[in-house]
Amino acid sequence: MDRALAREAHDLLRSARAWIEEWAEEGVNAFPIAGVATPAEGEPAVASAAAEDLERVRAELGECTRCGLCEKRSTIVFGDGNPEADLMFVGEGPGEQEDRTGLPFVGRAGELLTRMIERGIEMPRADVYICNIVKCRPPGNRNPLPDEVAACRPFLDGQIEAIRPKVIVTLGKPAASLLLGRDVAITRVRGTWHEYRGIPVMPTFHPAYILRQYTEENRRLVWEDLKAAHTRSRES
Ligand code: URA
């Protein structure tokens, strides 16, 4: 390299380093990038369009009294996770612990689902989105009734439209039947691809069923379904 040019580069680097050290001493540790808005100090980061859409769906749901489930519930369990998720899990309805905490899949079945996500497909649970076909606990954990599912459906559809995941995994028969539009036998449809509103759907067993029938075969089948869903969610 030309000696004069090398000298100039050296001087430039030295003064750049001096500026950076000076700014660091003054507590400056980040710079805005042209064209990218950064929130002012103390202001929350701007929510994504998906997060805003989800919030609108939640606001529309309000303190819902559209069906009888509102009478016995403690808390509405709307959903949990990343509004930008590529993978969305749809279960049946909140259980006792979910009703108490307001979060989906936090009881025993939830712990298994979390393990399946975090150890099976090696994703943090917070990177996926998890919700149910009904947002309030059916008393005694009975299956939700058709009118309860129908009353809640616009909110599930709203969540799906807000997130537009690359793949939906349904957990158990009621969620699969709802999204496939017919009464299905979960043993028949699990592991096969379907579609809902243009989004690929992979039905699999509900984790509560796996807990009841904790066989190597059932665990292998769920693992295969999740692997297929995860792979497809990364394809496009
Ligand atoms: N079972 C479900 O279907 N959903 C939950 O949130 C918890 C248990």
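Since we're looking at a predicted model, the values are computed, not measured. In each ligand, atom 1 is the first atom listed, and ligand 1 is the first ligand listed. Residue numbers start at 1 and run along the sequence shown.
Using a 4.0 Å cutoff on heavy atoms, Q97 does not count as a contact of ligand 1. Under a 4.0 Å heavy-atom criterion, A208 is not in contact with ligand 1.
Between R115 and E111 there is no salt bridge, since no side-chain N of the basic residue sits under 4.0 Å from a carboxylate O of the acidic one. Using a 4.0 Å cut-off between charged side-chain N and carboxylate O, R197 and E161 make a salt bridge. Salt-bridge check for E96 with R100: passed, with a basic side-chain N closer than 4.0 Å to an acidic carboxylate O.
Nearest-heavy-atom check against atom 2 (C) of ligand 1 across G93, G107, G91 picks out G93.
Using a distance-only test at 3.5 Å, with no hydrogens or angles considered, no donor-acceptor pair links the side chain of Q159 to the main chain of L54.
Short contacts between ligand 1 and H206, defined as distances under 4.0 Å to a heavy atom of the residue, involve ligand atoms 1 (N), 2 (C), 3 (O). Short contacts between ligand 1 and P104, defined as distances under 4.0 Å to a heavy atom of the residue, involve ligand atoms 6 (O).
Protein heavy atom at the shortest distance from atom 4 (N) of ligand 1 is N132 OD1, 2.7 Å.
Listed by first and then second residue, the ring-ring contact (aromatic ring centres under 6.0 Å, His included) pairs involving residues 172-207 are F105-H206, F205-Y209 (not counting sequence neighbours).
In terms of polar-atom proximity, defined here as any N/O pair under 3.5 Å, G95 makes no such contact with ligand 1.
Heavy atoms of E92 found under 4.0 angstrom from ligand 1 belong to the backbone as well as the side chain.
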Which atom pairs, one a donor and one an acceptor, fall under 3.5 Å between side chains of residues 80-90 and the rest of the protein, sequence neighbours left out?
{"from": "D80", "atom 1": "OD2", "to": "R125", "atom 2": "NH2", "distance (Å)": "3.4"}
{"from": "N82", "atom 1": "OD1", "to": "E84", "atom 2": "N", "distance (Å)": "2.8"}
{"from": "E84", "atom 1": "OE2", "to": "S48", "atom 2": "OG", "distance (Å)": "2.5"}

